[in-house]
Protein chains: 2
Amino acid sequence: MQIKIANASQQRYICIMQSSDERFERFCADIKTVGLRMTEQRKVILRVLADASDHPDANELYHRAHAIDGNVSLSTVYRTLRLLEEKGAIQRHAFDEGRARFENADTEHHDHLIDIDTNKVIEFRSEKIEQLQAEIAAELGYDIVRHKLELYCRKRN
Amino acid sequence: MQIKIANASQQRYICIMQSSDERFERFCADIKTVGLRMTEQRKVILRVLADASDHPDANELYHRAHAIDGNVSLSTVYRTLRLLEEKGAIQRHAFDEGRARFENADTEHHDHLIDIDTNKVIEFRSEKIEQLQAEIAAELGYDIVRHKLELYCRKRN
DNA sequence: ATGCTAATGCGAACTATTTGCATTTGTCAA
DNA sequence: TTGACAAATGCAAATAGTTCGCATTAGCAT
């Protein structure tokens, strides 16, 4: 377990993240505890997911997994993604291009800045914004179940 | 042209919106000024869009338009939506269900609160949040081109 | 080892959207 | 007012991303 604090001067981007191995172990545990089976292909997919520090889509994950073990099929990737999403182990994002992209869910909640020229994703977090959101929802009579803040940006200069 | 100020105590939700007729006229003008043709089906679709105060998807718009004039096809609805989106006359949203939903773009920018039980969409705006977003992007070396804030909520009690 | 059932691969189905093409229809100039 | 030409349409087929049905394979508890 490692703790990473960046940009501390701005009370933002405070992540508590596990190592890729810890993540893998947790994925495996998640699978086992519900009585599901640990298959070869699941092992490979979980490994790939645990190692991913970017926001790959299903197809990209399929290619990474398939490169390691040719017995991994796209269907199984999709099935595994859905499984882990339902368990809350990974998060699904629908950025502006149609397909879904995934990321590990072991970090604290954060928002995304997407570079519209390179598709690079930068994560950030602002306590103030989080708080304002909650206030607004409360005022309208709602509780926030989940939320999404995406800044589509272009590099300065 | 009407000006609507709600929730003024919270400096939020300040919309300058046109009437449905004004909107329709503007859509027509948008089409004409670029040398495009005003067809029967476009007239119907523009009318439906101008009248919509909700966030309908393409299929819903097709049904509303088709009910008025059976000569309107789904393809044409899609083509018209794309046309108006490119002109900036309407806005496309990708809320969490796969399909896209549209809304008139003549209001000032606002964010969305989505009731996850009813799919109802409430619009809001917070100056403070807008400002914080710009600060964060700037600090990371970016300019915001567009952004998206969606609160997926459940009614209290 | 054995058997039961979950998990897999494959291809077909599905949903949302776009596109190719033959036909229709605005529009503008004569 | 008419004619001609390009733009717009409807339809069906194509596409992209994702899910599903089903026969087969393979975990895993006994």
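First the proteins, then the strands, lettered A, B, ... as listed; each starts at 1.
Straight-line distance from the NE2 atom of H66(A) to the C1' atom of dC10(C): 13 Å, rounded to whole Å. A straight line from CZ of R99(A) to C1' of dT17(C) spans 15 Å, rounded to a whole angstrom. Atoms CG (L81(A)) and P (dT18(D)) sit 9 Å apart, rounded to a whole Å. Between the P atom of dT9(D) and the CD1 atom of I45(B) lies a distance of 7 Å, rounded to the nearest Å.
Within 4.0 Å of R79(A), counting heavy atoms only, lies at least one base atom of the nucleic acid.
Of the side-chain N and O atoms in R42(B), one or more sit less than 4.0 angstrom from OP1 or OP2 of dA8(D). In this structure, T39(B) reaches the dT9(D) phosphate: one of its side-chain N or O atoms is under 4.0 Å from OP1 or OP2. For the pair Y78(A) and dT19(D), the criterion of a side-chain N or O lying under 4.0 Å from OP1 or OP2 is not met.
Ring pair H93(A)/H112(A) is perpendicular by interplanar angle, where above 60° counts as perpendicular and below 30° as parallel.
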Exercise for the section: Take Q91(A) and H55(A) through the side chain to side chain donor-acceptor pair (under 3.5 Å) test and state the conclusion after the steps. Expected result: CA-CA 10 Å; Q91(A) 255 184 291; H55(A) 298 67; over 6 Å; no
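Checking side-chain atoms of D30(B) against main-chain N and O of K87(B) turns up no donor-acceptor pair under 3.5 Å.
The cationic group of R47(A) lies under 6.0 Å from the six-membered ring centre of F24(A) and within 45° of the ring axis, placing it in a cation-pi geometry.
A donor-acceptor contact under 3.5 Å links the side chain of R37(B) to the base of dA7(D).
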